[in-house]
Visitor: 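One structure follows; several queries about it will come next.
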Amino acid sequence: MKRVFLAAMLLVAFAAQAAKLNIDRVEPENWYAGLKYNSLEIMVYGEGIGAATVTTDYPGVTIDSIAQLQSPNYLIICMSLHGVQPGTMNLNFQLEKKKKTVPFVFKPRSNSGKQGFSNADVLYMLMPDRFANGNPANDKVRGMRSQVCDRNHPSYRHGGDLEGIRQHLDYFNDLGVTTLWFTPVLENDSPESPWNDTYHGYATTNYYRVDPRFGTNDEYKRLVDEAHAKGLKVVMDMIFNHCGFEHPWVADMPTNDWFNLHEWLKKSKGTSDARGTSFQQTSYKLAPVLDPYASQIDKKETVQGWFVSTMPDLNQNNSHVMNYLIQNSIWWIETVGIDGIRMDTYPYAYAEPMARWMKIINNEYPNFNVVGETWFEQPAYTAAWQQGSKVAKTDSHLKTVMDFAFRAAIDSASVEETDNQWRGFNRVYNNLVFDYLYPDPSSVMAFIENHDTDRFLKDGQDADKLKQALALLLTMNRIPQLYYGTEILMNGTKAVTDGNVRKDFPGGFPGDEHNCFTAEGRNKEQNEMYNWLRSLLHWRNGAGKDLITKGKQIQFLPNNGFYVLARQLGNHAVLTIVNGTSDSQIFNTRRYDEIIGNHTYGVEVTNGFKISLTNILAVPARQTLILELLP
C-alpha cells in the first residue's frame, strides 16, 4: 500500500513538474508604438517554454506564428503590428493546464536623439573603462563572474564608467568635439583570464543591459540626454558578428545554426578551451569577402571562423538571429536616443542580412547614420562597402565606412621624408586620388589612430608630426574621428598588449597625480597641444564650418617636400600646408595661385597670425600652416 501511495505521489510530482510554466527572460522587454518597421519577434526563455501556446487580443497585434526552436527552452512569438498604440499588451501563455499572463508594454516614441552625424561633426572616441571613474562603488559588482579591478594591469578592468563620462561633458565642449563614440557599454559578464578580461566591451552577454560596472540603462539614458542638452551627439558601438561566450545562447543553443562552426564545443564539453578540438578561427583576412576569384574555403574561414574561442560567431543567415539583432538596434535607438551606431567587424558578418538591417534603419531613421568598421588598407575595397557603390555585388546601404587606408598613409608619412616620388605625404595624396571610387567621400570616416592601432605618437612625443596629421584630418573631405587623449599627447603601442594604447586618462580616476581635464593639471607641452587642437576645432565648428563641409577639395602633388590640401567655397578658402621633411624648406606661394588668387595674406586659424602670401615663405622642418583666405 505504501509503495502504491509513493508511486502515486511521484506521478503527481512529475506531472506538476512537467506542466510547470517557467519564464525567465522576455526580449525585448518592451517595444515602441508608431514604428514603420511593423514586425516584432519576442524571444521567450524558460525551461520547457517551447511547448507553450501564446495568445493576445491587443488591438493592432496579430500573432502570425509561434517558432518552436530546437531547444525546448526557447519560444519566439512572431507578430505583425498595424497601428499599435501605446499601452500594455497581455501575452497569455498556456502549457497543458498551467497558465500565465505576461504584461508587455508598447511605449510612445521619443523625439530626442537620432540626429545622425556627418562631416560637420568631429567624433571623439573613448573607452568608458579607461576615461573616468565617476562611481567607484560599481568597480566590482557582486554576482558577476569577474571581481577584478586593477589599474596596475594594462589588460584588466580599471573602473571607468558612464558617470565618469557624464561628469566631464563640459570638457568635450571646451575641446570642441561634437560627437562622442564610446566602445561597447553592454554587459560583458565573462571571467578574467590570467592575461586579460573584457573591459573593452566586445563580448556581449546581454544585449538589453548596460554592464553594471559601467552603470545602468537609466544612467546611460541620462548621459545621452545631458550630452544632447550640451549640444553633443552620442554614437553607440554595436557588434552583430559575435557575442560573448557566457551569453545564455552558448550554454543552451536555440538552434543548431544559431552560431557558425560551433561543433567543436561538443569536444570541449561546452568550455571555451579549444585545444584538441576542430575550432576554426577566422583568418582575419577580409579580401575573400569581395574577391571575385575567392575559394569557398577562404570565404568560409573569414566569415564563419570565430575571432577567438571566447567570442562565438553569430549566424546572421538565421532569420531569427538577424531579427533579434535588428530589433535590438532599434530598441536602443528608441530607448536611449542615440544619434548613430558604429558597427564592429562589419565585413565579417554575412553581407545580405547586414544590408537588410541597414535598409530598415535608413527607412526608419532617414537622418541617422551608421559607420561600419571596414579594416582594409586599400580604398577600392572600402569604397565597395559604401551605400550606392557601383562595383559592389550587393548594395550595403551603409552610409559611412572607415578610411583605414588614410590611417596607414599618414602613419607612414610621419616616419618618411616626403620626396617627389612616392614617399611621405605622397601616400596621403595617392590615397585621396581614389575618392572617385566612393559614392560619397564626405561620408567616409577618417582617423589617425584608434583603440585597435598603435597610438600615432607610438612611444614618442613628436607634437609637430601629430599636428600635421590632425591638420589634414580636420580639413579634408571626411568625417574626422579623434581618439581620447590625443589632445594631451597620450602615446603607446600594441607591441606588448592592446592595453598600452588604452591607458587611463590622467585625472579621471581617484588618486591620479595629474588632472589633464584642467589647464592647471596639464604640463606645458600638453597645454600647447590641447590649445592648438582646440583652436582648430572651434574654427572648424564656426567660421570654417561651411568651407569644410561644403567646399570643393583640391590637392597638390607634393613639391619641394610640401603637401598642400585646399578647400574652396566661392572666394573663401583654406590652405593646409605641411612640410614633410626634416629640414626647413622654401614654400613658393605662386605655385598655388589658383587658390590664393588676389589674396595677399592668410590667417593662421590656430593662432590668428597674418601670413604674407606675396612672396616665398620659409617653413621650418615638419611645421604646419592652416591658412584661411577670407572673402
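All residue numbers in this chain count up from 1 along the given sequence.
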Visitor: If you take all heavy atoms of R130 and R502, which pair is closest and at what distance?
Guide: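 R130 and R502 have their closest heavy atoms at NH1-O, 2.8 Å.
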Visitor: Can you say whether the rings of F376 and Y381 are parallel (under 30°), tilted (30 to 60°) or perpendicular (over 60°)?
Guide: parallel
Visitor: Are the side chain of K494 and the backbone of D452 linked by a donor-acceptor contact shorter than 3.5 Å?
Guide: yes
Visitor: To the closest 0.5 Å, what do you measure between CG (L398) and OH (Y346)?
Guide: 4.5 Å
Visitor: Applying ring-ring contact (aromatic ring centres under 6.0 Å, His included), can you list everything that pairs with F609, at least two apart in sequence or on another chain?
Guide: none
Visitor: Starting at CG of L432, measure out to CD1 of I554 and round the result to the nearest 0.5 Å.
Guide: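 Those atoms lie 12.5 Å apart.
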Visitor: Go through the structure and list residues passing ring-ring contact (aromatic ring centres under 6.0 Å, His included) with Y124, not counting sequence neighbours.
Guide: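 Per chain and number, Y124 pairs via ring-ring contact (aromatic ring centres under 6.0 Å, His included) with F172.
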Visitor: To check you understand the geometry: which heavy-atom pair defines the closest contact between F434 and P379, and what is its length?
Guide: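 Between these two residues, the closest heavy atoms are CB-CB, 3.7 Å.
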Visitor: Please confirm whether F406 and F447 have ring centers closer than 6.0 angstrom.
Guide: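 Between F447 and F406, which both carry aromatic rings, the centre distance is not below 6.0 Å.
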Visitor: With distance as the sole test, does Y365 use its side chain to make a donor-acceptor pair with the main-chain N or O of I333 at under 3.5 Å?
Guide: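 A pair under 3.5 Å: no.
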Visitor: For the residue pair K610 and Y601, would you count it as a cation-pi contact if the rule is NZ or CZ under 6.0 angstrom from the ring centre and within 45 degrees of the ring axis?
Guide: yes
Visitor: Would you call the rings of Y563 and Y429 parallel, tilted or perpendicular, where under 30° means parallel and over 60° means perpendicular?
Guide: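 Perpendicular, since the angle between the ring planes exceeds 60°.
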Visitor: With distance as the sole criterion, is a donor-acceptor pair present between the side chains of Q115 and N367 under 3.5 Å?
Guide: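 The criterion, which ignores hydrogens and geometry beyond distance, is not satisfied for N367 and Q115.
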Visitor: Less than 4.0 Å between a side-chain N and a carboxylate O, is that true for E373 and R342?
Guide: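 Yes, this pair counts.
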Visitor: Look at the aromatic rings of W375 and F404 and report parallel, tilted or perpendicular, splitting at 30° and 60°.
Guide: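 Because their plane-to-plane angle is under 30°, the rings of W375 and F404 count as parallel.
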Visitor: Could you tell me if the side chain of K359 sits less than 4.5 Å from the side chain of N362, heavy atoms only?
Guide: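 In short, these two side chains do not touch, never coming nearer than 4.5 Å.
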Visitor: Report yes if some heavy atom in the side chain of N477 is under 4.5 Å from a heavy atom in the side chain of R567; otherwise report no.
Guide: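 Side chain of N477 against side chain of R567, heavy atoms only: contact under 4.5 Å found.
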Visitor: Answer yes or no: is there an ion pair linking K458 with D454, defined by an N-O contact shorter than 4.0 Å?
Guide: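 D454 and K458: not salt-bridged.
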Visitor: Does the side chain of Q553 come within less than 4.5 Å of L565's, by heavy atoms?
Guide: yes
Visitor: Would you say that L482 contacts E487 through its side chain, given a criterion of any heavy-atom pair below 4.5 Å between the two side chains?
Guide: no
Visitor: Once you round to the nearest 0.5 Å, how far does CD of E226 lie from CD1 of I165?
Guide: 12.5 Å
Visitor: Ignoring hydrogens and geometry beyond distance, is a side-chain donor-acceptor pair present between Q316 and W357 at under 3.5 Å?
Guide: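 Their side chains do not contain a donor-acceptor pair, so the 3.5 Å distance test is not met.
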Visitor: Do the side chain of S389 and the main chain of W385 share a donor and acceptor less than 3.5 angstrom apart?
Guide: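 No, S389 side chain to W385 backbone: no donor-acceptor pair under 3.5 Å.
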Visitor: Please determine, by modelled atom types, if R522 and N527 share a side-chain donor-acceptor pair under 3.5 angstrom.
Guide: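 Short answer, yes.
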Visitor: Indicate the atoms forming the closest heavy-atom contact of R534 with D174, along with that distance.
Guide: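 Reported closest heavy-atom pair: NE-O, 2.9 Å.
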Visitor: Has the side chain of T382 got a donor or acceptor atom that lies under 3.5 Å from a matching backbone atom of D403?
Guide: no
Visitor: Considering non-hydrogen atoms only, spot the tightest contact between S414 and D411 and give its length.
Guide: OG-O, 2.6 Å
Visitor: Tell me, with the steps shown, if F562 and F556 meet ring-ring contact (aromatic ring centres under 6.0 Å, His included).
Guide: CA-CA 9 Å; F562 289 102; F556 294 81; over 10 Å; no
Visitor: Restricting to non-hydrogen atoms, name the atom on G602 and the atom on L629 that form the minimum distance, rounded to 0.1 Å.
Guide: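 In this case the closest contact between G602 and L629 is CA-CD2, 3.8 Å.
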Visitor: Give, for atom CZ of R407 and atom CE of M445, the distance between the pair rounded to the nearest 0.5 Å.
Guide: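 Rounded to the nearest 0.5 Å, the CZ-CE separation comes to 15.5 Å.
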Visitor: Can you tell me how far CG of L537 sits from OG1 of T178, rounded to the nearest 0.5 angstrom?
Guide: 9.0 Å
Visitor: For this output row, return yes or no: ring centroids of F307 and Y348 closer than 6.0 angstrom.
Guide: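 Yes, the ring of F307 comes within the 6.0 Å limit of the ring of Y348, centre to centre.
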Visitor: Do D291 and D298 have side chains that approach each other closer than 4.5 Å (heavy atoms only, starting at C-beta)?
Guide: no
Visitor: Under the ring-ring contact (aromatic ring centres under 6.0 Å, His included) criterion, do F131 and F182 qualify, and how do the steps go?
Guide: CA-CA 10 Å; F131 191 70; F182 318 141; 8.8 Å; no
Visitor: Given R478, which of N119, D435, T400 fulfils the side-chain hydrogen bond (donor to acceptor under 3.5 Å, both in side chains) condition?
Guide: D435
Visitor: Carefully, step by step, assess E528 and K467 under the rule salt bridge (Lys or Arg N to Asp or Glu O under 4.0 Å).
Guide: CA-CA 11 Å; E528 182 183 329; K467 288 177 182 178; 3.4 Å; yes
Visitor: Under a 4.5 Å cut-off applied to non-hydrogen side-chain atoms, are P506 and M490 in contact?
Guide: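 P506 reaches M490 side chain to side chain.
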Visitor: If I compare all heavy atoms of M125 with all of Q481, which pair ends up nearest, and what's the gap?
Guide: CB-NE2, 3.8 Å
Visitor: Using distance alone, with no hydrogens and no angle criterion, decide if N559 and Y592 have a side-chain donor and acceptor under 3.5 Å apart.
Guide: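 Short answer, no.
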Visitor: Given side chains that start at C-beta, do those of L470 and T486 come closer than 4.5 Å, heavy atoms only?
Guide: yes
Visitor: Quick one: are the ring centres of F517 and F505 less than 6.0 Å apart?
Guide: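 Yes, close enough.
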Visitor: Atom CG of N579 and atom CG of D464: how far apart are they, to the nearest 0.5 Å?
Guide: 10.0 Å
